[in-house]
Novice: 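This is the structure, below, for whatever I ask next.
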Amino acid sequence: MKRSLRIGHRRIWPFLAILVFGLFALALIFREPPT
Amino acid sequence: MSVGYKAVQWNRDKYIYDAILVAAVAIFIAAFMVIHWQLHPPKDLPAAIDIGIRAFGTCAYLMLTVILCIGPLARLDKRFLPLLYNRRHFGVLTFFVALIHAWLMIEWYLVQGNLPNLAGELTNWADYAKFIGFPFKVLGIAALTVLFLMAATSHDYWLNFLSPGVWKTLHMALYVAYGLVVLHVAIGIMQYEYTLLIPGMLIGGFGAVVGLHLVAGWRERPLDAGSVPGAEGWIVVGPPSSIPDKEARIVAAPGGERIAVFRDGTQIGALTNLCAHQNGPIGEGRIIDGCVTCPWHGFQYRLEDGCAPAPFTEKLATYRTRLRNGVIEVHPEPLPPGTPAAIMV
(Lines give C-alpha, C1' and ligand atoms only; values in the text may rest on other atoms or scores of the structure.)
Protein backbone atom coordinates (compact mmCIF):
# COMPACT_ATOMS: atom_id res chain seq x y z
CA MET A 1 0.00 0.00 0.00
CA LYS A 2 1.49 3.29 -1.06
CA ARG A 3 1.84 6.00 1.53
CA SER A 4 0.95 9.60 1.03
CA LEU A 5 3.83 11.92 0.16
CA ARG A 6 2.91 14.18 3.01
CA ILE A 7 3.92 11.51 5.50
CA GLY A 8 7.01 10.17 3.70
CA HIS A 9 8.71 13.50 3.18
CA ARG A 10 7.88 15.17 6.44
CA ARG A 11 11.23 14.84 8.16
CA ILE A 12 13.20 16.57 5.40
CA TRP A 13 11.33 19.86 5.30
CA PRO A 14 12.05 21.28 8.78
CA PHE A 15 15.78 20.89 8.16
CA LEU A 16 15.50 22.55 4.76
CA ALA A 17 13.50 25.43 6.23
CA ILE A 18 15.93 25.95 9.11
CA LEU A 19 18.91 25.81 6.72
CA VAL A 20 17.42 28.41 4.39
CA PHE A 21 16.35 30.66 7.24
CA GLY A 22 19.76 30.34 8.91
CA LEU A 23 21.62 31.26 5.74
CA PHE A 24 19.22 34.15 5.14
CA ALA A 25 19.81 35.41 8.69
CA LEU A 26 23.58 35.22 8.19
CA ALA A 27 23.29 37.10 4.88
CA LEU A 28 21.27 39.77 6.68
CA ILE A 29 23.66 40.06 9.64
CA PHE A 30 26.84 40.19 7.59
CA ARG A 31 25.76 42.53 4.86
CA GLU A 32 27.93 45.57 4.42
CA PRO A 33 26.50 48.79 5.89
CA PRO A 34 25.69 51.56 3.41
CA THR A 35 28.55 53.82 2.49
CA MET B 1 -6.50 6.69 -18.07
CA SER B 2 -3.96 5.75 -20.72
CA VAL B 3 -0.54 7.25 -21.46
CA GLY B 4 -2.06 8.54 -24.73
CA TYR B 5 -2.08 12.28 -25.35
CA LYS B 6 -5.07 14.05 -23.88
CA ALA B 7 -5.91 17.66 -24.69
CA VAL B 8 -5.98 20.21 -21.89
CA GLN B 9 -9.49 20.43 -20.48
CA TRP B 10 -10.29 24.08 -20.94
CA ASN B 11 -13.45 25.48 -19.48
CA ARG B 12 -14.93 28.89 -18.83
CA ASP B 13 -13.65 29.04 -15.23
CA LYS B 14 -10.10 28.35 -16.38
CA TYR B 15 -10.27 31.11 -18.99
CA ILE B 16 -11.50 33.58 -16.35
CA TYR B 17 -8.86 32.43 -13.87
CA ASP B 18 -6.07 32.70 -16.44
CA ALA B 19 -7.24 36.15 -17.53
CA ILE B 20 -7.21 37.39 -13.91
CA LEU B 21 -3.78 35.82 -13.39
CA VAL B 22 -2.21 37.43 -16.45
CA ALA B 23 -3.87 40.79 -15.68
CA ALA B 24 -2.61 40.72 -12.07
CA VAL B 25 0.96 39.96 -13.21
CA ALA B 26 0.83 42.70 -15.85
CA ILE B 27 -0.54 45.25 -13.38
CA PHE B 28 2.07 44.34 -10.73
CA ILE B 29 5.00 44.61 -13.14
CA ALA B 30 3.71 47.83 -14.71
CA ALA B 31 3.09 49.42 -11.28
CA PHE B 32 6.51 48.30 -9.99
CA MET B 33 8.29 49.79 -12.99
CA VAL B 34 6.34 53.06 -12.97
CA ILE B 35 6.91 53.63 -9.23
CA HIS B 36 10.59 52.67 -9.45
CA TRP B 37 11.01 54.89 -12.52
CA GLN B 38 9.48 57.84 -10.64
CA LEU B 39 11.52 57.34 -7.46
CA HIS B 40 14.82 56.57 -9.17
CA PRO B 41 14.76 57.78 -12.80
CA PRO B 42 17.23 55.65 -14.79
CA LYS B 43 20.26 57.49 -16.14
CA ASP B 44 20.91 55.15 -19.04
CA LEU B 45 19.61 52.05 -20.82
CA PRO B 46 21.23 49.48 -18.47
CA ALA B 47 19.64 51.26 -15.49
CA ALA B 48 16.26 51.08 -17.25
CA ILE B 49 16.73 47.37 -17.93
CA ASP B 50 17.70 46.91 -14.28
CA ILE B 51 14.26 48.15 -13.25
CA GLY B 52 12.75 45.43 -15.43
CA ILE B 53 15.02 42.82 -13.85
CA ARG B 54 13.82 43.86 -10.38
CA ALA B 55 10.16 44.00 -11.41
CA PHE B 56 10.09 40.52 -12.95
CA GLY B 57 12.29 39.05 -10.21
CA THR B 58 10.08 40.42 -7.42
CA CYS B 59 6.97 39.24 -9.23
CA ALA B 60 8.37 35.71 -9.69
CA TYR B 61 9.33 35.52 -5.98
CA LEU B 62 5.89 36.65 -4.85
CA MET B 63 4.18 34.25 -7.28
CA LEU B 64 6.27 31.35 -5.93
CA THR B 65 5.32 32.35 -2.40
CA VAL B 66 1.61 32.42 -3.24
CA ILE B 67 1.83 29.05 -5.04
CA LEU B 68 3.42 27.43 -1.99
CA CYS B 69 0.79 28.93 0.30
CA ILE B 70 -2.12 27.55 -1.76
CA GLY B 71 -1.53 23.93 -0.66
CA PRO B 72 -1.77 24.49 3.13
CA LEU B 73 -4.51 27.11 2.69
CA ALA B 74 -6.65 24.56 0.84
CA ARG B 75 -6.02 22.05 3.65
CA LEU B 76 -7.08 24.63 6.23
CA ASP B 77 -10.15 25.96 4.41
CA LYS B 78 -11.99 24.38 1.49
CA ARG B 79 -12.79 27.80 0.04
CA PHE B 80 -9.21 27.94 -1.27
CA LEU B 81 -9.66 24.76 -3.33
CA PRO B 82 -10.45 26.62 -6.59
CA LEU B 83 -6.97 28.16 -6.34
CA LEU B 84 -5.45 24.73 -5.98
CA TYR B 85 -7.46 23.40 -8.91
CA ASN B 86 -5.88 26.05 -11.14
CA ARG B 87 -2.42 26.07 -9.57
CA ARG B 88 -0.74 24.48 -12.59
CA HIS B 89 -1.22 27.51 -14.84
CA PHE B 90 0.01 29.74 -12.02
CA GLY B 91 3.21 27.68 -11.88
CA VAL B 92 3.82 27.75 -15.63
CA LEU B 93 3.27 31.52 -15.70
CA THR B 94 5.76 31.89 -12.83
CA PHE B 95 8.37 30.08 -14.92
CA PHE B 96 7.85 32.53 -17.79
CA VAL B 97 8.07 35.56 -15.46
CA ALA B 98 11.31 34.16 -14.02
CA LEU B 99 12.58 33.46 -17.54
CA ILE B 100 12.01 37.10 -18.55
CA HIS B 101 13.87 38.15 -15.37
CA ALA B 102 16.86 36.03 -16.50
CA TRP B 103 16.61 37.19 -20.11
CA LEU B 104 16.64 40.86 -19.03
CA MET B 105 19.71 40.13 -16.94
CA ILE B 106 21.51 38.82 -20.06
CA GLU B 107 20.23 41.86 -21.97
CA TRP B 108 21.74 44.10 -19.26
CA TYR B 109 25.18 42.66 -20.05
CA LEU B 110 24.58 42.68 -23.81
CA VAL B 111 23.70 46.39 -24.12
CA GLN B 112 26.96 47.19 -22.36
CA GLY B 113 28.89 44.80 -24.60
CA ASN B 114 30.26 42.90 -21.65
CA LEU B 115 28.55 39.51 -21.78
CA PRO B 116 31.93 37.84 -21.11
CA ASN B 117 31.76 39.46 -17.66
CA LEU B 118 28.76 37.26 -16.87
CA ALA B 119 30.70 34.16 -17.86
CA GLY B 120 33.60 35.45 -15.77
CA GLU B 121 31.36 35.93 -12.73
CA LEU B 122 30.00 32.42 -13.02
CA THR B 123 33.42 30.81 -13.49
CA ASN B 124 35.34 32.70 -10.83
CA TRP B 125 35.76 29.57 -8.76
CA ALA B 126 37.33 31.37 -5.79
CA ASP B 127 33.98 33.12 -5.18
CA TYR B 128 32.28 29.77 -4.64
CA ALA B 129 34.19 29.43 -1.37
CA LYS B 130 32.69 32.70 -0.07
CA PHE B 131 29.34 33.21 1.57
CA ILE B 132 28.83 36.94 0.98
CA GLY B 133 30.18 37.24 -2.54
CA PHE B 134 29.00 33.77 -3.62
CA PRO B 135 27.92 33.91 -7.30
CA PHE B 136 24.25 34.33 -6.42
CA LYS B 137 23.21 34.20 -10.05
CA VAL B 138 24.05 30.49 -9.99
CA LEU B 139 21.34 29.98 -7.35
CA GLY B 140 18.86 31.78 -9.60
CA ILE B 141 19.88 29.66 -12.58
CA ALA B 142 19.44 26.48 -10.52
CA ALA B 143 15.98 27.60 -9.40
CA LEU B 144 15.05 28.50 -12.98
CA THR B 145 16.16 25.03 -14.10
CA VAL B 146 13.84 23.44 -11.52
CA LEU B 147 10.99 25.70 -12.65
CA PHE B 148 11.69 24.73 -16.27
CA LEU B 149 11.58 21.02 -15.46
CA MET B 150 8.31 21.50 -13.63
CA ALA B 151 6.73 23.64 -16.36
CA ALA B 152 7.91 21.20 -19.04
CA THR B 153 6.39 18.22 -17.22
CA SER B 154 3.28 20.02 -16.03
CA HIS B 155 0.95 18.41 -18.56
CA ASP B 156 -1.07 15.34 -17.59
CA TYR B 157 0.78 13.40 -20.32
CA TRP B 158 3.90 13.54 -18.15
CA LEU B 159 1.90 12.82 -15.03
CA ASN B 160 0.73 9.55 -16.57
CA PHE B 161 4.08 8.78 -18.19
CA LEU B 162 6.07 9.29 -14.98
CA SER B 163 3.31 7.92 -12.65
CA PRO B 164 1.67 10.11 -9.98
CA GLY B 165 4.24 9.23 -7.31
CA VAL B 166 7.32 10.13 -9.38
CA TRP B 167 5.62 13.21 -10.84
CA LYS B 168 4.58 14.53 -7.45
CA THR B 169 8.06 13.91 -6.02
CA LEU B 170 9.59 15.83 -8.93
CA HIS B 171 7.18 18.68 -8.38
CA MET B 172 7.97 18.83 -4.67
CA ALA B 173 11.32 20.20 -5.92
CA LEU B 174 9.50 23.54 -6.02
CA TYR B 175 10.28 23.82 -2.31
CA VAL B 176 13.99 23.44 -3.10
CA ALA B 177 13.64 26.06 -5.85
CA TYR B 178 11.98 28.41 -3.36
CA GLY B 179 14.86 27.99 -0.93
CA LEU B 180 17.33 28.71 -3.73
CA VAL B 181 15.38 31.84 -4.70
CA VAL B 182 15.34 33.13 -1.10
CA LEU B 183 19.12 32.75 -0.93
CA HIS B 184 19.53 34.16 -4.47
CA VAL B 185 17.87 37.36 -3.23
CA ALA B 186 19.52 37.32 0.21
CA ILE B 187 23.11 37.17 -1.03
CA GLY B 188 22.26 39.04 -4.23
CA ILE B 189 20.24 42.23 -4.30
CA MET B 190 19.86 42.34 -0.49
CA GLN B 191 23.62 42.94 -0.25
CA TYR B 192 23.52 45.92 -2.61
CA GLU B 193 20.28 47.65 -1.69
CA TYR B 194 20.19 48.89 1.88
CA THR B 195 16.45 48.92 2.28
CA LEU B 196 14.19 47.10 4.70
CA LEU B 197 11.83 46.22 1.87
CA ILE B 198 13.92 43.28 0.62
CA PRO B 199 14.53 41.50 3.95
CA GLY B 200 10.92 42.34 4.85
CA MET B 201 9.68 40.69 1.68
CA LEU B 202 11.84 37.61 2.28
CA ILE B 203 10.88 37.22 5.93
CA GLY B 204 7.19 37.84 5.18
CA GLY B 205 7.08 35.43 2.24
CA PHE B 206 9.20 32.69 3.78
CA GLY B 207 7.41 33.10 7.11
CA ALA B 208 4.00 32.77 5.45
CA VAL B 209 5.02 29.59 3.60
CA VAL B 210 6.56 27.95 6.67
CA GLY B 211 3.87 29.18 9.06
CA LEU B 212 0.95 27.97 6.95
CA HIS B 213 2.57 24.56 6.46
CA LEU B 214 3.16 24.25 10.21
CA VAL B 215 -0.42 25.22 11.07
CA ALA B 216 -1.88 22.83 8.47
CA GLY B 217 0.40 20.03 9.67
CA TRP B 218 -0.41 20.73 13.32
CA ARG B 219 -4.14 20.49 12.66
CA GLU B 220 -3.68 17.08 11.05
CA ARG B 221 -1.48 15.68 13.81
CA PRO B 222 -4.18 13.49 15.40
CA LEU B 223 -4.87 11.91 12.01
CA ASP B 224 -1.21 11.29 11.27
CA ALA B 225 -0.80 9.50 14.58
CA GLY B 226 -3.23 6.85 13.35
CA SER B 227 -6.18 5.23 15.10
CA VAL B 228 -6.03 2.39 17.55
CA PRO B 229 -8.22 -0.39 16.17
CA GLY B 230 -10.62 -2.34 18.37
CA ALA B 231 -10.34 -5.97 19.40
CA GLU B 232 -11.15 -7.34 15.94
CA GLY B 233 -8.99 -4.80 14.19
CA TRP B 234 -11.87 -2.51 13.14
CA ILE B 235 -11.62 1.30 13.45
CA VAL B 236 -14.58 3.20 14.88
CA VAL B 237 -15.79 6.00 12.61
CA GLY B 238 -19.01 7.03 14.42
CA PRO B 239 -22.76 6.86 13.83
CA PRO B 240 -23.84 7.27 10.19
CA SER B 241 -25.22 10.74 10.98
CA SER B 242 -21.74 11.88 12.04
CA ILE B 243 -20.66 11.66 8.40
CA PRO B 244 -22.07 14.68 6.51
CA ASP B 245 -24.27 13.61 3.61
CA LYS B 246 -22.35 13.57 0.28
CA GLU B 247 -19.13 14.14 2.19
CA ALA B 248 -16.58 12.09 4.11
CA ARG B 249 -14.95 11.66 7.44
CA ILE B 250 -11.27 10.81 7.28
CA VAL B 251 -9.88 8.21 9.66
CA ALA B 252 -6.34 6.87 9.81
CA ALA B 253 -5.14 3.28 9.81
CA PRO B 254 -2.63 2.38 12.56
CA GLY B 255 0.30 3.31 10.27
CA GLY B 256 -1.19 6.75 9.60
CA GLU B 257 -2.52 5.91 6.12
CA ARG B 258 -5.77 7.78 5.64
CA ILE B 259 -9.14 6.29 4.78
CA ALA B 260 -12.05 8.42 3.50
CA VAL B 261 -15.43 7.16 4.73
CA PHE B 262 -18.15 8.68 2.55
CA ARG B 263 -21.91 8.77 3.04
CA ASP B 264 -24.29 9.14 0.11
CA GLY B 265 -27.74 9.13 1.72
CA THR B 266 -28.04 5.61 3.15
CA GLN B 267 -24.98 4.25 1.37
CA ILE B 268 -21.65 4.24 3.19
CA GLY B 269 -18.33 3.27 1.66
CA ALA B 270 -14.64 3.65 2.46
CA LEU B 271 -11.91 4.48 -0.06
CA THR B 272 -8.23 5.23 0.18
CA ASN B 273 -7.72 8.96 0.70
CA LEU B 274 -5.28 9.09 -2.22
CA CYS B 275 -6.67 10.02 -5.63
CA ALA B 276 -5.24 7.94 -8.51
CA HIS B 277 -4.47 11.16 -10.40
CA GLN B 278 -2.04 13.09 -8.19
CA ASN B 279 -2.57 11.48 -4.77
CA GLY B 280 -4.99 14.30 -3.96
CA PRO B 281 -7.04 14.08 -0.72
CA ILE B 282 -10.21 12.33 -1.92
CA GLY B 283 -11.82 12.61 1.53
CA GLU B 284 -11.81 16.41 1.34
CA GLY B 285 -13.97 16.20 -1.77
CA ARG B 286 -17.73 15.69 -2.16
CA ILE B 287 -20.12 13.35 -3.93
CA ILE B 288 -21.16 15.08 -7.14
CA ASP B 289 -23.47 13.46 -9.71
CA GLY B 290 -23.37 10.25 -7.68
CA CYS B 291 -19.58 9.99 -7.76
CA VAL B 292 -16.90 10.73 -5.17
CA THR B 293 -15.08 13.72 -6.65
CA CYS B 294 -11.50 14.65 -5.83
CA PRO B 295 -11.25 18.29 -4.72
CA TRP B 296 -8.01 18.85 -6.61
CA HIS B 297 -8.86 18.17 -10.24
CA GLY B 298 -12.31 16.62 -10.24
CA PHE B 299 -11.36 12.97 -10.84
CA GLN B 300 -14.40 10.83 -10.03
CA TYR B 301 -15.00 7.38 -8.58
CA ARG B 302 -18.06 5.31 -7.73
CA LEU B 303 -18.56 4.96 -3.99
CA GLU B 304 -19.62 1.32 -4.18
CA ASP B 305 -16.39 -0.03 -5.73
CA GLY B 306 -13.88 2.84 -6.13
CA CYS B 307 -13.94 2.55 -9.94
CA ALA B 308 -13.99 5.64 -12.14
CA PRO B 309 -17.13 5.77 -14.31
CA ALA B 310 -16.72 4.67 -17.95
CA PRO B 311 -14.83 5.48 -20.12
CA PHE B 312 -12.21 6.06 -17.41
CA THR B 313 -10.39 3.14 -15.87
CA GLU B 314 -8.82 4.42 -12.63
CA LYS B 315 -9.56 2.36 -9.53
CA LEU B 316 -9.09 3.13 -5.87
CA ALA B 317 -8.49 0.70 -3.04
CA THR B 318 -11.63 0.18 -0.98
CA TYR B 319 -12.10 -0.87 2.65
CA ARG B 320 -14.66 -3.09 4.32
CA THR B 321 -17.23 -1.20 6.39
CA ARG B 322 -19.87 -2.43 8.80
CA LEU B 323 -22.59 -1.07 11.06
CA ARG B 324 -22.25 -2.37 14.60
CA ASN B 325 -24.42 -1.16 17.48
CA GLY B 326 -25.38 1.88 15.44
CA VAL B 327 -21.76 2.81 14.80
CA ILE B 328 -19.90 2.66 11.47
CA GLU B 329 -16.61 0.80 11.60
CA VAL B 330 -13.98 0.37 8.90
CA HIS B 331 -11.35 -2.35 8.57
CA PRO B 332 -7.89 -0.83 7.96
CA GLU B 333 -6.74 -3.62 5.61
CA PRO B 334 -7.19 -2.29 2.04
CA LEU B 335 -9.04 -4.40 -0.52
CA PRO B 336 -7.74 -4.68 -4.11
CA PRO B 337 -8.62 -1.51 -6.07
CA GLY B 338 -12.10 -1.70 -7.54
CA THR B 339 -13.49 -4.22 -5.01
CA PRO B 340 -17.16 -3.50 -4.15
CA ALA B 341 -17.37 -2.82 -0.41
CA ALA B 342 -19.98 -0.14 0.31
CA ILE B 343 -22.93 -0.97 2.56
CA MET B 344 -26.49 0.34 2.98
CA VAL B 345 -27.55 1.48 6.44
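Order of the sequence lines fixes the chain letters, A, B, ..., with proteins taken first and strands second; residue numbering starts at 1 for each chain.
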Novice: Under 6.0 Å from the CZ atom of F15(A), do we count more than 12 heavy atoms belonging to anything else shown?
Specialist: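 No - once you tally the heavy atoms of other residues, nucleotides and ligands closer than 6.0 Å, there are 12 at most.
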Novice: Please report the closest heavy-atom contact between V20(A) and G179(B), naming both atoms and the distance.
Specialist: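 Distance-wise, the nearest heavy atoms are CG2-CA, 3.8 Å.
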Novice: Give me the atom names and distance for the closest heavy-atom approach of A186(B) to A27(A).
Specialist: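 Looking at all heavy atoms of both residues, the shortest contact is O-CB, 3.8 Å.
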Novice: For atom CZ of F134(B), is the number of surrounding heavy atoms from other residues, nucleotides or ligands below 6.0 Å larger than 12?
Specialist: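 Enclosed.
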Novice: For K137(B), I'd like to know if atom NZ has over 12 heavy atoms of other residues, nucleotides or ligands within 6.0 Å.
Specialist: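 Count over threshold, so yes.
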Novice: Looking at every non-hydrogen atom in both residues, tell me the closest pair between R31(A) and P199(B) and how far apart they are.
Specialist: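 The answer is NH2-CG, 4.1 Å.
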Novice: Would you mind checking which part of L26(A) comes under 4.5 Å of any heavy atom in chain B, side chain (CB onward), backbone (N, CA, C, O), both or neither?
Specialist: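 Both backbone and side chain.
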Novice: May I ask you to check whether over 12 heavy atoms, not counting those of L196(B), lie within 6.0 Å of atom CG?
Specialist: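 Open.
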Novice: Are the side chain of Q191(B) and the backbone of L28(A) linked by a donor-acceptor contact shorter than 3.5 Å?
Specialist: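 Checking the backbone N and O of L28(A) against the side chain of Q191(B), no donor-acceptor pair under 3.5 Å is found.
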Novice: Rounded to the nearest 0.5 Å, what separates atom CG in L16(A) from atom OH in Y175(B)?
Specialist: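 L16(A) atom CG to Y175(B) atom OH measures 10.5 Å (nearest 0.5 Å).
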Novice: Does V185(B) reach the side chain of F24(A), with side-chain heavy atoms less than 4.5 Å apart?
Specialist: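 Not touching, per the 4.5 Å side-chain cut-off.
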Novice: Looking only at heavy atoms and a cut-off of under 4.5 Å, which of F206(B), Y178(B), Y192(B) has the most pairs with chain A?
Specialist: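 Answer, by heavy-atom pair count under 4.5 Å with chain A: F206(B).
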Novice: With chain A, which of L183(B), V182(B), I187(B) has the greatest number of heavy-atom pairs at distances under 4.5 Å?
Specialist: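 Counting heavy-atom pairs under 4.5 Å, the top option is L183(B).
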